Amino acid sequence: MFRYVLLRLLYLIPTVLLVSFFTFAVGFYGPGDPIKVMMKENWNDEKAYQALREKYGFDRPFLVQYADYMVNAAKGDFGRSVLRVMPVRDLMFPALGVTAQLGLLALVSLAVFGIGLGVLAAVKQNTWVDYLIITVSIALQSVPVFVLAPILMIIVVLQLHLMNTPAGWDGILSSKVILPVFLLTGIALLTVVRQTREAVIQARQSDYVRTARAKGLPERLVLWRHILKNALTPVLTTLGLLTGWLLTGSIFIETIFSIPGFGSLYWGALKTRDYPVLIGTTLVVAIIIMLTNLIVDLCYSLLDPRVRVEQ
Amino acid sequence: MATPTVASRLTRLGDRPLRTRSLWSDAWRSLARNRIAVLGLLIVLLVAFIAAFGPLITPYHPDKQDLDNVKALPSWEHWFGTDQLGRDYFSRILAGARTALIVGATVTFLACGLGILLGAAAAFYGGLTDLLVNRALDFALAFPKLLLASFVNAMAKPPFQNTLDWVAAVTGLKALNDTVMADYVVVLGALGLVLWPSYARLIRGQILSLRERDYVIAAQAVGAKPWRIILRHLVPNALGPIIIAITVGFGEAMLLESSLSYLGIGIQPPGSSWGQMISNSLDQWRYSPHLVAVPGLVLALAVLGFNLLGDGLNDALDPQRRR
């Protein structure tokens, strides 16, 4: 097992290099000159321009800059934001903390509702309950977040007067997180519901369930001990693979609800072409996703003895 | 007449082709029985019809402004009201359908073509090709789709626009100065780049697993030519999952285009896109909710149509899951 983990980690290195090289190269050649962005209305001043170029090291060859960037990034230094004059790191990590809390809440809610509804749909297969659950999940996934959010706000705030317009971030215990978490759950609900449903339906037809019923085990225990235990392993790992969805959703949800998280930071950088922030955030997201995929793979082999990896 | 013997039946079977139940007619019947899938199909056809013939039935030009009549509520003259510049919202919705469908179709074509090419190459040649394609897949799948698309879009737009301006200045081609066209090219490229991996992975997996199936090995054993195996066995069996992927991918491409436009980096004005219409009106959701709700619901309905159809096809095209 240890050798396998080490091997997988080594395997990540070329992908990380490719991802970072791409991100850096596109960021390097893509947008306007970052120094000109920094100089704002004084962009004509040739002397100051050269001085700044040297100060920030933009006069060096591309590969040298890339190598330099990667060495610093490995130490946690992602350069400085062009517009907000502060290190990218100090912008990125607090924001990441907020988004991580939001995302974890959404994962818990996804586990509860997604698995619950999926099992219900499977047990009531081909009845109206099943169709209703599937159709609502498809609808929730089809309606884009940036449409669902204002519609929800119109209903909850303007019509039902249940709360004030939720905006900002007061930690996970505040009522302001209810709508964002609901929306994040809605984005990925279909994936979890559908997979749980398939897995449970398949498990219900298997021999060990027939055996359990034949020996007279009550249906409730059959469901808990035999069906769920076998059906939920792949579902639990799917939850881990939803990180990317949650991060994407956070771009929309955080900007709509003014939550100072990773998504807001990314969107702000996108709008203002703050390219050190864009490169840093994109790179960090890619690394987070690669690591979660790895962890999920490892958990899968730990949870399910049938897929223990051959070395 | 005496009942035909088994032997005579068998010879009759050999004499003329039996009317068999083919995979496709079965699938079609199963789809037609699934009411939700038919609903999806109707929505898809409606969107396609609007995109094709919308300009013929629009009451107003989608870009025509009427500044005396801005943010009007829905009425008989303006079915969906007018927007902040007094443009007829119904006409703009119809024009947006054309944008959504053009982007959806082109992106799906690009991504699917690239995916089939690279996925098939990886499966057939194996070795180094497979390794390279897999690395590229790992790379593309390391990013959330929207994030990669928006990043590429934001970064590629300025240099692309500059190049176009430069070419236009040198050659004197006025057509290249069209910013809406430049928007289209960048958006299509970025989305194609983001969406090809799922097709490539699907094709590669399909080919690798089908190649090992008993019926393919049996066909090889009786000496069937490779092209016959490909046409009679591989293509029909691989086509189902690909059709499903294309249907769902089409909806996804439309949704991604709208999301990019919503973020302000997709199709820019004067081109019309549902996502852009939503973001333009989002700050006024309290006062003119219809300006947000109409494009939002239309977009949701269109994507829902593709998803429902895809879900129905998923059941219809898989003989083992047919009810």
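Below, chain A is the first sequence line, B the second, and so on; all start at residue 1. Reckoned from all heavy atoms, side chains included, excluding hydrogens, waters and symmetry mates. This is a predicted model, so every value here is computed, not measured.
- Once rounded to the nearest 0.5 Å, the distance linking CZ of B/Phe151 with CD1 of A/Ile279 reads 5.5 Å.
- Residues of residues 138-147 of chain B lying within less than 4.5 angstrom of chain A, judged on heavy atoms, are B/Asp138, B/Phe139, B/Leu141, B/Ala142, B/Phe143, B/Pro144, B/Leu146, B/Leu147 in numerical order.
- Contacts of A/Ile251 with chain B are made by side-chain atoms alone, with heavy-atom separations under 4.5 Å and no backbone atom involved.
- Looking at A/Thr135, only its side chain comes within 4.5 Å of chain B, counting heavy atoms on both sides.
- Ranked by heavy-atom pairs under 4.5 Å with chain B, the first of A/Pro14, A/Pro144, A/Gly244, A/Ala139 is A/Pro144.
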- Item | B/Val152 vs A/Phe22, side chain to side chain contact (heavy atoms under 4.5 Å, CB included): CA-CA, chis, key distance, verdict | CA-CA 10 Å; B/Val152 171; A/Phe22 166 83; 3.8 Å; yes

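- With chain B as the partner, the residue from A/Thr248, A/Leu190, A/Leu247 showing the most heavy-atom pairs under 4.5 Å is A/Thr248.
- Neither the backbone nor the side chain of B/Ser279 comes within contact range of chain A; no heavy atoms are under 4.5 Å apart.
- Taking both residues in full, the closest heavy atoms of A/Ile151 and B/Leu297 are given as CD1-CD2, 4.1 Å, listed atom of the first, atom of the second, then distance.
- Atom CZ of A/Phe182 has 12 or fewer neighbouring heavy atoms from other residues, nucleotides or ligands inside a 6.0 Å radius.
- Of the two parts of A/Leu278, the backbone and the side chain both hold a non-hydrogen atom closer than 4.5 Å to a non-hydrogen atom of chain B.
- Counting all heavy atoms, side chain and backbone alike, A/Leu18 lies closest to B/Arg135 at CD2-O, 4.2 Å.
- For chain A, the option among B/Ile36, B/Leu255, B/Leu148 with the highest count of heavy-atom pairs below 4.5 Å is B/Leu255.
- Contact count against chain A (heavy-atom pairs under 4.5 Å) is highest for B/Ala300 among B/Ser258, B/Ala302, B/Ala293, B/Ala300.
- Contact between A/Gln141 and B/Asn307 at its shortest, heavy atoms only, is OE1-ND2, 4.3 Å.
- Note: B/Ser259 leads B/Gly275, B/Pro295, B/Gly305, B/Ser259 in heavy-atom pairs under 4.5 Å with chain A.
- Summarising the geometry of B/Val292 relative to A/Pro150, their closest heavy-atom pair is CG1-CG, 3.9 Å, with the distance given to 0.1 Å.
- Contact of B/Leu263 with chain A is made through backbone and side chain together, with heavy-atom distances under 4.5 Å.
- Heavy-atom distances place both the backbone and the side chain of A/Thr282 under 4.5 Å from chain B.
- Between A/Val147 and B/Trp274, the closest side-chain pair of non-hydrogen atoms is not below 4.5 Å.
- Contacts of A/Ile134 with chain B are made by side-chain atoms alone, with heavy-atom separations under 4.5 Å and no backbone atom involved.
- Contacts of B/Ile278 with chain A are made by side-chain atoms alone, with heavy-atom separations under 4.5 Å and no backbone atom involved.
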